[in-house]
Amino acid sequence: MKDLSLHPCFNEGAKHKYARVHLPVAPRCNMQCNYCNRLYDCCNESRPGVTSSILKPLQASYYFKALKQKLDNLSVVGIAGPGDPFANPNETLATIGLIEKEFPDMIFCLSSNGLDLAPYIDRIAKLNVSHVTITINSLNLDTLEKIYSWVRYENKIYRGKEAARLLLERQLHCIKELKGKGIIVKINSVVIPGINDGDMEELAQKVSAMGADTMNCIPMYPTAGSLFENEKEPSREMMKRIRSQISRYIKPMSHCARCRADAAGLLGHDDSDAMDMVRQFSTLVISREASKTKVAVATGDGQRVDLHLGEAAELWIYEKTRNGYRFIEKRKTPEANVCNDKWIALSENALADCQAVLVSGVGKYPTAILQKKGIRVIQMKGLIDTGLDAVYRQQPIIPICKAAPFKCGATCKGDQKGCG
Ligand code: SF4
Ligand code: SF4
């Protein structure tokens with residue numbers, strides 16, 4: 001049974017005893033905050049956005065296992081970048097899924113800007129993610145447009161007030177949805193003197209009324225290479241005053257260590273070997289067979305393989321379990337106009353952990369690309385289970401048509417969608 005009180009960030013009493021690890025599996029971001037620069041790969045700098053290396057989901061799960069043996073007080077697995085977990089949803093969900101299967105008692109924690117989080121809230125709740133942090137920097141659109149250069153939402157770039165409005169709407173919507181699932185919500189706010197330091201009280205009042213559990217005001221770090229590199233860092237007095245202001249409305253958090261995206265150990269006392277371990281595990285070569293355990297299906301109804309790969313806006317993902325086949329989730333396929341090559345993007349993202357894709361039709365070019373990446377492309381018509389049997393049990397594919405169940409006979413010329 002999970003003990004949520006062992007989260008060192010949410011329970012100050014646990015911070016000297018229990019450790020957390022951030023798994024750096026999320027390199028991309030869907031927006032640009034003017035205080036952020038993720039180009040750094042510095043082992044001496046301790047701030048969000050910095051990591052020694054990026055891990056793939058399987059590498060992250062092996063790293064986690066090794067770290068868990070070393071740190072027996074490890075209670076939290078977090079994903080906090082170096083980009084945004086939901087600009088990398090497949091990697092984020094795959095990593096949690098792998099670890100949750102073996103270590104169901106771990107506390108799972110995610111830290112996001114909230115822009116693309118909403119569609120995944122059901123899924124993270126099912127994966128037993130209990131803590132989510134959303135960074136909201138103001139309720140005021142004039143302030144917000146000074147803080148963000150752009151946001152990218154559903155393949156469109158927004159700037160200025162339009163970006164600010166969209167982001168804020170998505171963020172507030174997520175608080176409501178997360179609380180509806182019983183998830184503990186923390187709001188992070190990056191305090192930038194002269195820009196949003198006067199907005200914190202109003203923000204605290206609002207998020208508290210919406211059910212957020214705690215608020216963490218973090219002093220902005222003027223990161224070299226960011227647009228705000230010459231802005232002033234807030235003074236201790238300013239931070240003290242702000243925390244006291246917000247405490248009238250919401251429980252303030254004041255022991256944040258501004259952790260790196262690959263932080264591991266006690267808050268403020270990171271484990272000295274962890275960074276080297278992340279580097280080592282990032283070079284771990286994982287065999288295709290080991291990393292590709294799932295099957296993607298082009299289906300419109302979740303019963304039959306009935307879509308051409310090119311017409312499937314999303315693919316349904318399945319895996320084999322001890323009790324049969326399990327539907328995991330739907331994954332969006334990339335749109336042709338945003339990627340130089342849709343099929344390469346598909347093989348590297350939505351299909352990264354899939355050994356096969358079941359489709360009712362597919363062209364030669366995508367087939368060649370996917371097969372080169374080790375993904376079997378199976379063209380078939382019929383029930384999804386039949387295709388899954390073909391992949392997992394090496395059984396022949398017998399297409400289901402009305403002839404079988406209704407004994408129409410071998411002369412049936414139907415399109416396998418029913419006689420009616
Ligand atoms: Fe950087 Fe996070 Fe802002 Fe993305 S959301 S730009 S990773 S601070
Ligand atoms: Fe979660 Fe943030 Fe703590 Fe990491 S530092 S474990 S993301 S609350």
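First listed ligand is number 1; within each ligand, the first listed atom is number 1. Throughout, residue positions are numbered sequentially from 1 according to the sequence presented. Computed from a predicted model, the values in this text were never measured in an experiment.
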Which residues and atoms, protein N, O or S only, are under 2.8 Å from atom 4 (Fe) of ligand 2?
-> His22 NE2
Would Asp84 and Ser112 count as having a side-chain donor-acceptor pair, cut-off 3.5 Å?
-> yes
Just which atoms of ligand 2 are under 4.0 Å from any heavy atom in Phe10?
-> 8 (S)
Which residues pass the side-chain contact (heavy atoms from CB on, under 4.5 Å) test with [X], sequence neighbours left out?
X: Asp199; answer: Ser138, Asn140, Thr143, Asn196
X: Thr299; answer: Val297, Asp301, Asp306, Trp316, Ile384
X: Ser247; answer: Pro252

Any chance the rings of Tyr18 and His7 have centres within less than 6.0 Å?
-> no
Under 6.0 Å between ring centres, would you say that holds for Tyr62 and Phe281?
-> no
Those atoms of ligand 1 less than 4.0 Å from some heavy atom in [X]:
X: Gly83; result: 7 (S)
X: Pro82; result: 7 (S)
X: Cys29; result: 4 (Fe), 5 (S), 6 (S), 7 (S)
X: Asn113; result: 5 (S)

Select the closest option to atom 2 (Fe) of ligand 2 among Lys186, His131, His7, judged by heavy-atom distance.
-> Lys186
Over-ring placement of Lys294 relative to Tyr318, 6.0 Å and 45° cut-offs = no
Can you tell me if Cys33 has an N, O or S atom under 2.8 Å away from atom 1 (Fe) of ligand 1?
-> no
Phe103 vs Phe64 aromatic rings, parallel, tilted or perpendicular, using cut-offs 30° and 60°?
-> perpendicular
For Ala94 and Asp353, work out which heavy atoms get closest and say how close.
-> CB-OD2, 4.1 Å
